[in-house]
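Working notes, beginning with the structure itself.
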There are 2 protein chains.
Amino acid sequence: MAAHRQDPAVPARRARSAAPATIAEVAAEAGVGKATAARALGNYGAVSPDARARVLAAAEKLRYRPNSLARSMTTGVTQTIGVIVADISNPFFAGVIRGIADALDATQYTAIVLSADEKLAKEKAAVGVLMDKQVDAIILASAALLPDQTEHILEAMSRNIPIVLIDRKVRGLDLDAVVINNREAARDAVRRFVELGHRRIGFVWGPAVRDGARDRAGVLAAAEIRLWSETERLRGYTEALDEAGIPFDPVLVTSCDHNEEATVGAFGAMLALPDPATAVLTTETDALVGTLRAIRDAGLKHPDDISIIGFDDSSWASVMAPPLTMIAQPMLELGRAAARHALARITGDDFDVVVETIPAALVPRASLAPPRAPAGVTAGGGR
Amino acid sequence: MAAHRQDPAVPARRARSAAPATIAEVAAEAGVGKATAARALGNYGAVSPDARARVLAAAEKLRYRPNSLARSMTTGVTQTIGVIVADISNPFFAGVIRGIADALDATQYTAIVLSADEKLAKEKAAVGVLMDKQVDAIILASAALLPDQTEHILEAMSRNIPIVLIDRKVRGLDLDAVVINNREAARDAVRRFVELGHRRIGFVWGPAVRDGARDRAGVLAAAEIRLWSETERLRGYTEALDEAGIPFDPVLVTSCDHNEEATVGAFGAMLALPDPATAVLTTETDALVGTLRAIRDAGLKHPDDISIIGFDDSSWASVMAPPLTMIAQPMLELGRAAARHALARITGDDFDVVVETIPAALVPRASLAPPRAPAGVTAGGGR
DNA sequence: CTGTTAGCGCTTTCAT
DNA sequence: ATGAAAGCGCTAACAG
């Protein structure tokens, strides 16, 4: 019978009824010393075949399992890599996690995953938990925007815990990172629109900007204090416009909250313009879904009324009518690379900071078309 | 390529350069005994305000962080709940994880997540890892189909680790579980079809069945050795048919592999029948996507040519043209409930096994319509 | 209220 | 090749 003492601070020690066998018990059962048993079980040092066999048999009999806590206690190593994703319900991160796990499968390491739900406070707590659990490295998709939001990362660094950033670089931090070529991917997408003849190209989601500051400089400045990946995507957008000599029009960059509901309104407004968007690049799945709803609400159809390219391919995109052109992020690849870098750091190789950029791939489908001839102008492809 | 030292057994002990402060150091700095420091830091026992202040100051100064491994070592408790999901890239499980994390947020417990990728071998390894890490409880979405595939679960049970099953009961195991009302949800969906006048109702994904055994009994028998949730959904389907006096036609239940590609072919065949399906219930997102592709390939449209209801609502479903009627699984709720049950078990309450069933909700959208009048019969609703 | 002592289960010198 | 003993950082008895 387990004695239950309700001491609030200290949880009751687990009932020892089914206490697992310890190495001492295995040693006793096998008639050898603890050290010999440990060597046989741990497969190191030198053990006579005879002793080894007896130990293994005893372990089997007692259903011995090593207590990894105790092992880590003495070795100072947990064989565990902590992963903190910004939002586990984002399929992108789910894919990344899978990539990490895949890469680790071939090793003795295990990934333990925590989600910060895009909240800095939760991210900090998660880093704390992982440090306290003595993980050997941390793979982190951080929500930190500003340098003064990075104490938790600096703390981990000062404790010599290797950190690999994924998906998002953090401004002001010189850390290993694995990211997508966000800027180029966005630029290529916009180029695609330009080639088709579009000049009114929308961008969903841009940064929230105070109404007064809604000019090019204001928007770009606001983007600087957003997630690195968002900033990059917006930069790619502006670069492609510049290339094509298309003036930047802040009205074509949303300033709404980053959720589906708000997007419906924001993009609806963009469609109601006297000179509406004829093409749109969306930076996330929810941005795309909101955009699609706004298009439908306006009674419009893609690609006839508007061309679409979205970040984050999904099997759904292929069954839309017509199917959507998407930018596929190589999430598995990204996860695998992150795991590799973490492992390399753990090994202790003292190499320079490495930032690996993995290219996203445009998946062309049927959501692209030339812009409709503007009202009052007879149809018949201009160029 | 990083240099990999393949020392299989013993990883290098982490450099102690930035060795974190221990409680002994804090105690010394504060000029008190280890125990007093521990009490102050751990917020238990009785400590004089003066001593407490000094300890806290010292801890702050040395940037002390408790080593949770050491703590767990002596307390026998890790304040950690292990979560094993069948597939982390399935948005359903992502939502469940989030629900678990939400519920745990209010406690001292942390969830650590592992994905088994629907592979029994990985699941077993994951259970092993969690046992070795001494988690206080395990929340598990198991891929185990048969009683003889459950040794790992039995093992954990025999070690008195509370286990809460999610999404899938495991046949032959009497364990706490939190599940969806799969059978009723499927039955209601089919009833909906029946009410609209459908009598040729497809079911994607059914169990794989040897061609020879493709009769009602064969299909149901095959379903018995599939995931519990799948079995239930098929049962709901057959129950609704029985109710309506519609004969079970094995041709309307797929027997293909459970992936998108295979589904396209399988459902295509169902559409090519002389007496094709006029409605279809899909049990997973990939099943739905494959089905939609087959419909498109056949040049058909929903809901005119075929009505659709799918399991697992997604924001995508709402922007399909027309939007799809879906069965929304309350994943957050399910996760929260699972966490609650796990916590309750940890507390040691010795209650009976509890199975909580959370209802799924049909989200009606525009993908439902009466069947087209069969060829050669003039239109005009029969009943 | 506080310090001392004894472990938790494991790995690792260090003798033998 | 093997065993005895020390110790990882912490908490928990037990004295004071």
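Below, chain A is the first sequence line, B the second, and so on; all start at residue 1.
- Between the CG atom of D174(B) and the CG atom of D352(B) there is a distance of 9.0 Å, given to the nearest 0.5 Å.
- Checking L69(B) against V32(A), the closest nucleotide of DNA chain D that is more toward the 5' end is the one next to V32(A).
- Here the nucleotide nearest the side chain of Y44(A), chosen from dT12(C), dT2(C), dG9(C), is dT12(C).
- Side-chain atoms of T75(B) lie closest to dT11(D) of the nucleotides dC10(D), dT11(D), dT2(C).
- We find that D136(A) and R345(A) are not joined by a salt bridge, their nearest charged nitrogen and carboxylate oxygen being 4.0 Å or further apart.
- Under 4.0 angstrom from either OP1 or OP2 of dT12(C) there lies no side-chain N or O belonging to T74(A).
- Listed pair S48(A) / dA1(D) fails the phosphate criterion, with no side-chain N or O lying under 4.0 Å from OP1 or OP2.
- At whole-Å resolution of the value, CG in N43(A) and C1' in dA1(D) are 16 Å apart.
- The A51(A) side chain lies nearest to dT2(D) when the options are dT2(C), dT2(D), dA12(D).
- One can place NZ of K34(A) at 9 Å from P of dC10(C), the figure rounded to the nearest angstrom.
- Atom CZ of R159(A) is separated from atom C1' of dG9(D) by 14 Å (rounded to the nearest Å).
- With respect to E151(B) and R63(A), no salt bridge is recorded, no charged nitrogen being found less than 4.0 Å from a carboxylate O.
- Atom-to-atom, CG of L41(B) to C1' of dC10(D) comes out at 11 Å; the value is rounded to the nearest Å.
- Rounded to whole angstrom, the span from the CE atom of M73(B) across to the C1' atom of dC10(C) amounts to 7 Å.
- Every residue meeting the side-chain contact (heavy atoms from CB on, under 4.5 Å) condition with D132(A), not counting sequence neighbours, appears here in chain and number order: R65(B), P66(B), S68(B).
- Residue R39(A) has its side chain nearest to dT13(C) when only dG3(C), dA12(D), dT13(C) are considered.
- Under the 3.5 Å distance criterion, the side-chain polar atoms of T150(B) are left unmatched by any main-chain donor or acceptor of I153(B).
- Of the two residues contacting DNA chain C, namely G45(B) and Y64(A), the nearest-nucleotide position lying further toward the 5' end is that of G45(B).
- Taking atom CG on N67(B) and atom P on dG7(D), their separation rounds to 18 Å, with Å as the unit.
- Counting only heavy atoms from C-beta on, A70(B) has its side chain closest to dG9(D) among dT2(D), dG9(D), dG3(C).
- Regarding R54(A), its CZ atom lies at a distance of 8 Å from the P atom of dT2(D), rounded to whole Å.
- For I23(A) and dG7(D), the CD1 to P distance is 20 Å, given to the nearest whole Å.
- In the interface, the side chain of R65(A) is not paired with the base of dG9(C) through any donor and acceptor atom under 3.5 Å apart.
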